[in-house]
Structures are given as C-alpha cells and as structure tokens.
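In this text, all values refer to a predicted model and were calculated from it rather than measured experimentally. Convention: sequence-line order gives letters A, B, ...; per-chain numbering from 1.
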Number of protein chains: 2
Amino acid sequence: MSLNEKLPPCPVETTLMLMGDKWKVLIVRDLLTGTKRFGELKKSLNGISQKVLTSHLRIMEKNGLITRKVYPQVPPKVEYTLTEVGQSLKQVHDAMLDWGSVYKLKYSTRTSMV
Amino acid sequence: MSLNEKLPPCPVETTLMLMGDKWKVLIVRDLLTGTKRFGELKKSLNGISQKVLTSHLRIMEKNGLITRKVYPQVPPKVEYTLTEVGQSLKQVHDAMLDWGSVYKLKYSTRTSMV
DNA sequence: CGGGATCCACAAGGATACTG
DNA sequence: CAGTATCCTTGTGGATCCCG
C-alpha cells in the first residue's frame, strides 16, 4: 500500500488503510510498551511468520508509524520503535482494549452465541 | 467465526476477532448514524458485493452487534440496527476517526512517502 | 429487494531453505 | 539474528444466476 495514492475522504477509511489489519494492530500493541527487537515481536505475535512480520514492519515504516534501527553487529540486532504518529495510535488501541474488555464481561458467561 | 471458541485472553484480540475487518468497521460507521436497509448499506459501502455484505451482517448479528428486522412484504424490506453493544463501538470508531484525521493533516502536504 | 448457491480468481499468509 | 527468496496452500471476496 503506497501513500502515493490519494487518501480516502473518510478519515476512518484512512485509518483502515494504514491499520486495517490484525497484525498491524498487534504490532502497535507490543510497541506501545516500548522498543522491541525483531525476535521479540515475532515471539509475542503468536504464530506470525517472519515474512509477514517483515513486510508489515516495512509498510508501517514507510507510512511513518515506526522507525527501524539497525545495529551493525554480528549477529544482527534490529530494533523497532513507534514514531510520534505511531504512539498516537494509543487512543485507538485503548478504545479497542476497553471495548474488548466490556464485550468479554458481557458474554463470557454464555457458552454459545449461535 | 463462532464465539463458541474461547475468546482470546487479550481484549484487543477479542476486538480484532469481532471487528478486525475493514467492512465490519465501515458497516458500524454507517449504522452509527441510524438504522439502515440492506440496499442503503450496499450503496454506501462502495464496492462491496452482496454476498460479502450479507455474510458480515450475519456474523455481526450472531455476535450481538446488530439486529436484523425483516418486514414481511413484497418486495422484501430488511433493516439493520446496532445493538447496545454495537453502539458502544462508537468509542473505537471515533478514535479511528480522530487518528485518521490527524494523520491526513500531517501527511496531506506530501506527495510521496516512499 | 434481499439473499441463497456456485464458481472462480487472486492475493495474503505459511513453510522452508539459504545468507550476511 | 534478521532477514530474502521461493513455493505452495488457503480463504476471502467478486461475479453471476436464480428465487420468494
């Protein structure tokens, strides 16, 4: 997804373009607690493949949400950090956190919703 | 996605299970302004196919986010309305709206981010 | 008008192997 | 350790047709 294309008129759609993906939300969730290394993210993002993680991180970097810092070492060390814009996703994240919590409380006593 | 399965421990993941989809977010956006008919939603959700719209509406109904009211007429008339839980997604929606707006302001002057 | 049933295409994601 | 390159599988969504 390149930002060369015009951003959609509806701001919600803009957000969806940039964050409308399960993995991206979870990456932000993890980075909100601080800078993380690639391996830490991979472990925390239960089940993500390195290909997918790498590609998402690249896009988010391109979109100005995160920064990538490479330490010229052997073995390599790469750290990912939220930018200021990325940090501001905390509002969205917290809203999702709150809503999910309430939903769980409301429905955790049911065994089935079918 | 059936809720018979245990909801994930992280509330954010719970939210993602229920709303981690572009179309669902946009459906909520439209229904936040009031009850809508199937055709209205389809028109407003630029480009969605009826199959996809129907299936998402079914899932959201099963998950307790919306209600479906059928008027026994010919031709049929079906209305969709947010439940109370669905209405509470307004917090999430507004957070996404705000963030998208800020992002657009921040980057609308750039022609490229590559 | 709303939607069920099919068929199909494509892209996203998983697995694996290799490398600086 | 953090990738890149490849291959392959899956399922999501689009298109179409038909029906009450």
Side-chain angles (χ1 to χ4, degrees), chain A residues 1-2 5 8 13 16-31 34-63 65-82 114, chain B residues 1-2 5 8 13 16-31 34-63 65-82 114:
Chain A
M1 169 175 54
S2 163
E5 331 159 24
E13 294 185 37
L16 285 173
M17 278 186 63
L18 298 162
M19 291 297 297
D21 181 283
K22 171 192 172 187
W23 291 126
K24 294 202 183 73
V25 175
L26 295 179
I27 290 171
V28 168
R29 177 195 64 181
D30 286 354
L31 292 183
T35 296
K36 294 276 183 305
R37 295 184 60 169
F38 184 86
E40 296 181 276
L41 286 173
K42 187 168 184 325
K43 188 182 301 181
S44 165
L45 268 35
N46 202 12
I48 196 173
S49 67
Q50 71 276 59
K51 189 187 83 170
V52 173
L53 178 53
T54 301
S55 74
H56 281 320
L57 289 171
R58 288 289 182 282
I59 293 172
M60 293 170 73
E61 184 190 8
K62 190 167 72 175
N63 290 346
L65 304 183
I66 62 177
T67 54
R68 178 171 181 266
K69 178 165 188 183
V70 182
Y71 294 82
Q73 311 175 345
V74 173
K77 174 180 172 181
V78 181
E79 286 182 344
Y80 292 92
T81 310
L82 289 175
V114 184
Chain B
M1 168 177 53
S2 163
E5 332 158 24
E13 294 185 37
L16 285 173
M17 278 186 63
L18 299 162
M19 292 297 298
D21 181 283
K22 170 194 174 186
W23 291 127
K24 294 202 183 74
V25 174
L26 295 179
I27 290 170
V28 167
R29 177 195 63 181
D30 286 353
L31 293 183
T35 297
K36 294 276 183 306
R37 293 184 61 170
F38 183 87
E40 295 181 277
L41 287 173
K42 186 168 182 328
K43 189 181 301 180
S44 166
L45 267 36
N46 202 13
I48 195 173
S49 67
Q50 70 277 61
K51 189 188 84 169
V52 173
L53 178 53
T54 301
S55 73
H56 279 130
L57 290 171
R58 289 289 182 281
I59 294 172
M60 292 170 75
E61 185 190 7
K62 191 166 72 174
N63 291 346
L65 303 183
I66 62 177
T67 55
R68 178 171 181 264
K69 178 165 185 182
V70 182
Y71 294 83
Q73 311 175 346
V74 173
K77 174 181 174 182
V78 181
E79 287 183 344
Y80 292 92
T81 310
L82 288 176
V114 182

K.L.:
Are any of B/Arg37's side-chain N or O atoms less than 4.0 Å away from OP1 or OP2 of C/dC1?
P.N.:
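No, outside the criterion.
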K.L.:
Going by heavy atoms in the side chains, are B/Tyr80 and B/Lys36 under 4.5 Å from each other?
P.N.:
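They are not in side-chain contact.
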K.L.:
Given that B/Val78 and A/Ser55 both sit by DNA chain C, which one's nearest nucleotide is further toward the 5' end?
P.N.:
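Mapping each residue to its closest nucleotide by heavy atoms, the 5'-most match is B/Val78.
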K.L.:
Give the first and the last nucleotide of DNA chain D, reading 5' to 3', that has any atom under 4.0 Å from a heavy atom of chain A.
P.N.:
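Terminal contacting nucleotides, 5' to 3': D/dC1 to D/dC7.
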K.L.:
Starting at NZ of A/Lys24 and ending at C1' of C/dG13, how long is that distance when rounded to a whole Å?
P.N.:
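Between C1' of C/dG13 and NZ of A/Lys24: 13 Å.
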K.L.:
Could you tell me the separation between the NZ atom of B/Lys77 and the P atom of C/dG2, rounded to a whole number of Å?
P.N.:
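One finds 10 Å between P of C/dG2 and NZ of B/Lys77, rounded.
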K.L.:
Report yes if some heavy atom in the side chain of B/Leu82 is under 4.5 Å from a heavy atom in the side chain of B/Thr35; otherwise report no.
P.N.:
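No - every pair of side-chain heavy atoms lies 4.5 Å or more apart.
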K.L.:
Could you give me the CA-CA distance, side-chain angles and deciding distance for B/Ile27 and B/Leu53, then say whether side chain to side chain contact (heavy atoms under 4.5 Å, CB included) is met?
P.N.:
CA-CA 9 Å; B/Ile27 290 170; B/Leu53 178 53; 3.8 Å; yes
K.L.:
I need the CG-P distance between B/Leu53 and C/dG2, as an integer number of Å.
P.N.:
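Distance, rounded to whole Å: 10 Å.
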K.L.:
Quickly work out the B/Lys43 NZ to C/dG2 C1' distance and round it to whole Å.
P.N.:
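That distance rounds to 14 Å.
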K.L.:
Give the rounded distance in Å between these two atoms: NZ of B/Lys69 and P of C/dG2.
P.N.:
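In whole Å, C/dG2 P lies 15 Å from B/Lys69 NZ.
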K.L.:
Whether B/Arg68 contacts C/dG3 is assessed here as follows: a side-chain N or O lying under 4.0 Å from the phosphate OP1 or OP2. Is that the case?
P.N.:
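For C/dG3, OP1/OP2 do have a side-chain N/O of B/Arg68 under 4.0 Å.
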K.L.:
Figure out the CD1/C1' separation between A/Ile48 and C/dG14, and round it to whole Å.
P.N.:
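After rounding, the gap between these two atoms is 11 Å.
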K.L.:
Base, sugar-phosphate, or nothing: which does B/Tyr80 touch, judged by heavy atoms less than 4.0 Å apart?
P.N.:
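Sugar-phosphate, backbone atoms only, no base.
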K.L.:
Between CG of A/Leu31 and CD of A/Glu40, what distance do you get to the nearest 0.5 Å?
P.N.:
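Here the rounded value is 9.5 Å.
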K.L.:
Please round to the nearest 0.5 Å and tell me the distance separating atom CH2 of B/Trp23 and atom OG of B/Ser55.
P.N.:
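B/Trp23 CH2 to B/Ser55 OG: 11.5 Å, rounded to 0.5 Å.
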K.L.:
Please report, rounded to the nearest Å, how far the P atom of C/dG13 is from the CD1 atom of A/Ile27.
P.N.:
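Rounded to whole Å, this separation is 10 Å.
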K.L.:
Answer yes when B/Lys22 and A/Glu13 have at least one side-chain N-carboxylate O distance shorter than 4.0 Å, and no when they do not.
P.N.:
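A/Glu13 and B/Lys22: not salt-bridged.
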K.L.:
Please give, in whole Å, the distance from C/dA11 P to B/Lys22 NZ?
P.N.:
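Between P of C/dA11 and NZ of B/Lys22: 15 Å.
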K.L.:
To the nearest 0.5 angstrom, please state how far the CD atom of A/Glu61 sits from the CG atom of A/Leu57.
P.N.:
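The CG atom of A/Leu57 is 8.5 Å from CD of A/Glu61, to the nearest 0.5 Å.
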K.L.:
What distance do A/Lys43 atom NZ and A/Asp30 atom CG have between them, rounded to the nearest 0.5 Å?
P.N.:
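Interatomic distance, A/Lys43 NZ to A/Asp30 CG, rounded to 0.5 Å: 12.5 Å.
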K.L.:
For A/Lys77, does the NZ atom have more than 12 heavy-atom neighbours from other residues, nucleotides or ligands under 6.0 Å away?
P.N.:
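Counting neighbours around NZ of A/Lys77, more than 12 heavy atoms of other residues, nucleotides or ligands fall under 6.0 Å, so yes.
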K.L.:
Report all interatomic pairs (protein N or O, nucleotide N or O of nucleotides 7-9 of chain C) with separations under 3.5 Å.
P.N.:
none

